[in-house]
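Quick note on labels: first sequence line is chain A, next is B, and so on, each numbered from 1.
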2 protein chains.
Amino acid sequence: MPRVGLTRERVVEEAAVLADEVGLGQLTLAALAERLGVRQPSLYKHIESLAGLRRNISIQAKGELGNVLLRAAVGRSGADAIHSMSRAYRTWALEHPARYAAAQIVAGPHDEEDAAASLAAIAIITDVLIAYELEGDDAIDAIRAFRSTLHGFVALEAEGSFGLDVDIERSFERMIRGFVTALTNWTETIATHDGGR
Amino acid sequence: MPRVGLTRERVVEEAAVLADEVGLGQLTLAALAERLGVRQPSLYKHIESLAGLRRNISIQAKGELGNVLLRAAVGRSGADAIHSMSRAYRTWALEHPARYAAAQIVAGPHDEEDAAASLAAIAIITDVLIAYELEGDDAIDAIRAFRSTLHGFVALEAEGSFGLDVDIERSFERMIRGFVTALTNWTETIATHDGGR
DNA sequence: CTCTTAAGCTATGGACATTAGCTAAAAAGG
DNA sequence: CCTTTTTAGCTAATGTCCATAGCTTAAGAG
């Protein structure tokens, strides 16, 4: 029984790679064990459960996404930063679909580690939008809109929900431009909550 | 052995109800059978498989969503129609999370029935945006952006990704207003594809 | 009232996750 | 080196769930 020399890190990393190939929901301990050259129960020496493994993938993915956004935004500001960050977000998400999906998981209210990872990633987005001198609830609304825009596009694209014919790249660029336009006039768009009814 | 009198429709409907309660991924034939007062294998008299059941839920959900959007848009146009449709979209999605998730599933390329349901739902959105006199690729970009915006917000809200403190309703209204703003200036926002780099 | 159809059942098997308990490889300590 | 401790990985076993096979009998057709 030669030892393979697994570590928690190696298990989680390989699980993330496997998940990106087959889909987060199709990630199975059986397949992971085989890929690591180990019997299935042996994995429990390094993880708590399948749910625990997914949690680890989620936390790692949030960290990776945060780093990607950080690198894209550093040294930039305003519309420049938004465009750069948006592209980095989309590219990373499409290259790592399962990691991206895992990064969207919201952990329970007592999971400090996960909350920290989530916050760190979102903080990058927040910082960039703050440059538009939005304050308080204005900023929160804008951040929610931006996150929605990015996530919606990437999620639909990853699922193949867009028709195949027309250039998706260009659609994305235009959408981001549109968001910047909206952002520039943000304080004017005060919801009256009746919206034409 | 009294007969319960199941039909395919009843099974699918109850499955949708159950899924909305426990989550689409947690929908199990065992639980569904128990809820219908029947043994698990008996379900196979009405469905092909779990995957087939999910497909049926998906098609039904797409139809329901399409109807909801249609009713919200009828008799309206322009920004009025967009706001009304957006609210209906969000409300339905939040009330039926699993149905909504199922409606996002993209079937294989040979599934005519599913393709028809998808197309019908998206057609409503398309028709409303066409009122802005966008043509060809312009319209496609705008539709993609609109779908992204709606789906992103609803998906994040349903997952609980937004912080709890600030009014989500208002954030949604503002986002839609922002989109309408962007849409009004749509033809001006031509992507140069370098976005400030 | 008979015959046919099919709804629902039991029995069974296979894929996974998970736990319990064993074995031997590695590491620690003299 | 040799001994002791730790622990990575193993086999065995259980429970859940999807799925198939074959039986039984309720319900509908004539």
Side-chain angles (χ1 to χ4, degrees), chain A residues 1-61 98-99 101-102 105 107-108 111 114, chain B residues 1-61 98-99 101-102 105 107-108 111 114:
Chain A
M1 308 87 209
R3 297 209 176 177
V4 181
L6 291 187
T7 63
R8 183 192 199 81
E9 287 71 34
R10 214 167 120 35
V11 171
V12 173
E13 175 55 29
E14 194 66 32
V17 171
L18 178 57
D20 277 332
E21 290 175 19
V22 304
L24 187 60
Q26 281 65 57
L27 173 63
T28 144
L29 292 186
L32 177 58
E34 186 179 13
R35 165 107 52 141
L36 290 168
V38 139
R39 299 290 184 162
Q40 203 212 43
S42 306
L43 293 178
Y44 285 83
K45 294 291 174 180
H46 307 281
I47 61 172
E48 307 73 40
S49 64
L50 178 60
L53 176 61
R54 274 201 271 257
R55 173 179 170 272
N56 285 311
I57 294 175
S58 174
I59 292 174
Q60 177 182 311
R99 285 164 148 99
I105 298 172
D111 191 333
D114 188 286
Chain B
M1 309 87 211
R3 298 212 176 171
V4 181
L6 290 187
T7 64
R8 183 194 200 80
E9 287 71 36
R10 214 169 118 36
V11 172
V12 173
E13 176 54 30
E14 195 66 33
V17 171
L18 178 56
D20 277 332
E21 290 176 19
V22 303
L24 187 59
Q26 280 66 55
L27 172 63
T28 139
L29 293 185
L32 178 58
E34 187 178 14
R35 164 103 56 139
L36 290 168
V38 138
R39 299 289 185 162
Q40 199 215 48
S42 305
L43 294 177
Y44 285 84
K45 294 289 176 182
H46 307 281
I47 61 172
E48 308 71 40
S49 64
L50 178 60
L53 176 61
R54 274 200 271 257
R55 173 178 170 273
N56 285 310
I57 295 174
S58 174
I59 292 173
Q60 178 182 311
R99 285 165 148 99
I105 296 173
D111 191 333
D114 187 287

Picking from dT18(C), dC18(D), dA26(D), which would you name as closest to the side chain of R3(B)?
dA26(D)

Counting side-chain heavy atoms from C-beta on, which of dG8(C), dT18(C), dG9(D) comes nearest to S49(A)?
dT18(C)

What is the distance, rounded to the nearest whole Å, between atom CG of L6(B) and atom P of dA7(C)?
9 Å

Can you identify which nucleotide, out of dC10(D), dC18(D), dA17(C), has its nearest atom closest to the S42(A) side chain?
dC10(D)

First locate atom CG of L43(B), then atom CG of L53(B), and finally report the distance between them rounded to the nearest 0.5 Å.
8.0 Å

Side chain of R39(A), heavy atoms from C-beta onward: which of dT18(C), dT11(D), dA11(C) has the nearest atom to it?
dT11(D)

Whole angstrom value for the distance that separates P of dT18(C) from NE2 of H46(A)
16 Å

Taking the side chain of K45(A) as its heavy atoms from C-beta onward, which of dA26(D), dA8(D), dT18(C) lies nearest to it?
dA8(D)

The side chain of P41(B) is closest to which nucleotide in this list: dA11(C), dG8(C), dA17(C)?
dA11(C)

Just by distance, no angles: are the side chains of Q60(A) and E13(A) close enough, under 3.5 Å, to form a donor-acceptor pair?
yes

Ion pair R99(B)/E21(B), N-O distance below 4.0 Å:
no

If you check the Q40(B) side chain, which of dA11(C), dC18(D), dA17(C) turns out closest?
dC18(D)

